[in-house]
Amino acid sequence: MSGGGVESVARAPGGVGGAPNGQAGCGGQFQMPLHYPRYTRGDYETMPEWKIDCLLKQYGLPISGDVEQKRKFAMGAFLWLH
């Protein structure tokens, strides 16, 4: 008889989602996100590099250059002028 139990999910070693230092992981394969990022210019200006990398990777965008180049690229890709 099969019960309606909860299946366990294996996690990658390391922090949350396999990322170092307990940082949220950004996954391994590209899968189109359901929602558009809702960060402000200030959020991008203070966002740590690992989080920018994850965001760009999540949307299938290139992750190259130094942190300032990545910030500018992310702001250009995700911020719209009103």
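Rounded to the nearest 0.5 Å, atoms NZ (K70) and OH (Y44) are 15.0 Å apart. Taking CG of L61 as the start and CZ of F73 as the end, the distance is 5.0 Å to the nearest 0.5 Å.
For the pair A74 and I52, the tightest heavy-atom approach, listed with the atom from each and the gap, is CB-CG2, 4.4 Å.
Here R41 pairs with E45, M75, L79 under the side chain to side chain contact (heavy atoms under 4.5 Å, CB included) rule; sequence neighbours left out. With sequence neighbours left out, F78 forms a ring-ring contact (aromatic ring centres under 6.0 Å, His included) with Y36, Y59. Not a single salt bridge (Lys or Arg N to Asp or Glu O under 4.0 Å) links D43 to another residue, sequence neighbours left out.
In terms of modelled atom types and a separation under 3.5 Å, the side chain of R71 and the main chain of M47 share a donor-acceptor contact.
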